[in-house]
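Report on the structure given below.
Excluded from the calculations below are hydrogen atoms, water molecules and symmetry mates; all remaining heavy atoms, backbone and side chain alike, are included.
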Number of protein chains: 2
Amino acid sequence: MKWDELEEEPCSMARTIGVIGDRWTLLILRECFLRTRRFEGFQSALGITRHLLAERLKKLVRQGVLRRIPYQESPKRHEYILTQKGLDLYPIMMALVHWGDTHMVDERGRPLLHEHRECGKMFDPVMVCSECGEPLSAKEVHVHPGPGARPAPERVLLDKKAKPKPRRKAA
Amino acid sequence: MKWDELEEEPCSMARTIGVIGDRWTLLILRECFLRTRRFEGFQSALGITRHLLAERLKKLVRQGVLRRIPYQESPKRHEYILTQKGLDLYPIMMALVHWGDTHMVDERGRPLLHEHRECGKMFDPVMVCSECGEPLSAKEVHVHPGPGARPAPERVLLDKKAKPKPRRKAA
DNA sequence: ATTTGACAGTTCAATTTTAGAACTATAGAA
DNA sequence: TTCTATAGTTCTAAAATTGAACTGTCAAAT
């Protein structure tokens, strides 16, 4: 599968993955949220090769996640700043951090704590329903086709083949 | 950077990325949440090469995100089921979908709608503070080192170098 | 006036990953 | 016996990534 194909898929997750779904891009975005703005800053913080960094930054700019803003003339220098589209990635970042905090910490505990300015407390992010405010879990959610739904060709194929499905003696 | 190194980093996000931070793994997990359980199911839904699929499934099992459960003897066949650790990835998945819904839809609209069983309504996921319940945004959150924090070697280096930082004439 | 250093890239060979396709193995069904 | 379904494994070619060096601009230091 080529990368650009992902963005064409009738699936919001696939499209998002097409934009930010690789290791380096996610780490670059982490740095963005930690206030890194310049090429050298990203490079030395991450140890990414300059080649890849240049490429990834270009892509993020092309996608409208970052904006390339001059901060100096002669020689021309630019900073990479999160757009609103980029800032909207925050829940994804926090969700990644929180899962790591929950399932990937060692004896030493969490590397970072997060303080909510509004209430002044250290917090965890919680994902809730926009309608009733209750916390969400996979089992309470049902999926329906939306207006942008299209049958994926392979699925159609599968469905057509969906014969009686012989179940053999269970384990 | 090697993949295993990511899991060693003093950063929950990097560790999470080490486990699920590549295109195919994320797409495989999408299928898991859509109730796909078997090798062929993943393969035909995604069009991933069988080689990579086998590898990714193995890794997810090793990481405790999926469990490999026999559903049939002779020939031995297994299903891949989300563990609790895997189910806990749900907020990440929803955050990815929601960003795509917000920023990557075409004229046709959303490919999928989500219904919350509790309240019966179509919803969007919202990330809120566990302490005060208010929605979160990047600017309201401050980061502090936690018990598991370690100075990254490169950062230390950077800090030492952090000289007055000559600013040249602005743009 | 020349050298040094910071910054933001670009280029290129070597290595690693991924894609695509074919192949293996088991066992029930036709 | 042959066909099909399932779950892989193996192999080569193509693509992506790494590591390291190189380019170019300008300010500051010598």
Side-chain angles (χ1 to χ4, degrees), chain A residues 1-6 18 21-28 31 36-61 66 68-80 157-158 160-171, chain B residues 1-6 21-28 31 36-61 66 68-81 157-158 160-171:
Chain A
M1 179 186 293
K2 281 94 189 179
W3 268 117
D4 339 358
E5 292 177 35
L6 266 182
D22 75 286
R23 290 153 152 90
W24 284 123
T25 299
L26 287 166
L27 290 171
I28 288 168
E31 291 306 310
T36 299
R37 296 155 126 75
R38 300 183 186 178
F39 194 93
E40 290 297 312
F42 292 110
Q43 205 281 317
S44 60
L46 297 174
I48 184 176
T49 63
R50 312 176 72 78
H51 182 54
L52 255 202
L53 175 57
E55 191 167 77
R56 293 289 195 265
L57 287 173
K58 227 172 263 170
K59 180 173 181 188
L60 286 170
V61 169
L66 297 181
R68 191 156 170 276
I69 298 183
Y71 68 90
Q72 164 188 296
E73 295 290 336
S74 73
K76 269 208 178 247
R77 293 278 181 268
H78 299 84
E79 293 186 313
Y80 296 90
L157 199 61
L158 265 187
K160 277 191 180 149
K161 276 195 190 162
K163 299 244 187 71
K165 183 166 267 192
R167 292 281 171 132
R168 296 161 232 189
K169 60 190 177 207
Chain B
M1 178 188 292
K2 280 96 188 179
W3 269 116
D4 339 358
E5 291 177 35
L6 266 182
D22 75 286
R23 291 155 154 89
W24 284 124
T25 299
L26 286 166
L27 290 171
I28 289 167
E31 291 306 310
T36 298
R37 296 154 126 75
R38 300 184 186 178
F39 193 93
E40 289 297 312
F42 292 110
Q43 205 281 319
S44 59
L46 297 175
I48 185 177
T49 62
R50 313 177 71 77
H51 181 54
L52 256 202
L53 175 57
E55 191 167 76
R56 294 291 196 264
L57 287 174
K58 228 173 260 171
K59 181 174 180 186
L60 286 170
V61 169
L66 298 180
R68 191 158 170 274
I69 298 183
Y71 69 90
Q72 164 188 298
E73 294 290 335
S74 72
K76 269 208 176 246
R77 293 278 181 267
H78 299 83
E79 293 186 314
Y80 295 90
I81 311 283
L157 199 59
L158 265 187
K160 275 190 182 152
K161 277 194 191 163
K163 298 243 189 70
K165 182 166 269 190
R167 290 284 170 130
R168 298 161 231 186
K169 59 190 179 213

Short N-O contact, Arg38(B) and Glu31(B), less than 4.0 angstrom: no

Of the nucleotides [options], which has the atom closest to the [X] side chain?
X	options	answer
Pro75(B)	dG9(C), dA7(D), dT26(C)	dT26(C)
Leu52(B)	dT18(C), dG19(D), dG24(D)	dT18(C)
Arg68(A)	dT18(D), dG9(C), dT18(C)	dG9(C)
Tyr80(A)	dG9(C), dG20(C), dT18(C)	dG9(C)
Arg50(B)	dA25(C), dA22(C), dA8(C)	dA22(C)
Ala54(B)	dG24(D), dT6(D), dT9(D)	dT9(D)
Phe39(A)	dT10(D), dA8(C), dG19(D)	dA8(C)
His51(A)	dT11(C), dT10(C), dC7(C)	dT11(C)

Establish, with yes or no, whether the OP1 or OP2 oxygen of [N] is under 4.0 angstrom from a side-chain nitrogen or oxygen of [X].
X	N	value
Trp24(A)	dA16(D)	no
Arg38(B)	dG8(D)	no
Lys58(B)	dT9(D)	yes
Arg56(A)	dT17(D)	yes

Spacing of CZ belonging to Arg68(B) relative to CZ belonging to Arg77(B), to within rounding of 0.5 Å: 10.5 Å

How close or far is atom [atom2] of [N] from atom [atom1] of [X], stated in whole angstroms?
X	N	atom1	atom2	answer
Ile48(B)	dA19(C)	CD1	P	7 Å
Glu5(B)	dT16(C)	CD	P	13 Å
Tyr71(B)	dG8(D)	OH	P	9 Å

Heavy-atom side-chain contact between Leu6(B) and Leu27(A) under 4.5 Å: yes

Touch class at under 4.0 angstrom, heavy-atom based, for His78(A) against every strand present: sugar-phosphate

Sugar-phosphate only, base, or nothing, as touched by Phe42(B) at under 4.0 Å among non-hydrogen atoms: nothing

Main-chain N/O of Ile48(A) paired with Gln43(A) side-chain donor or acceptor, under 3.5 Å: yes

Heavy-atom pair with the smallest gap, counting every atom of Phe39(A) and Leu53(A): O-CD2, 3.4 Å

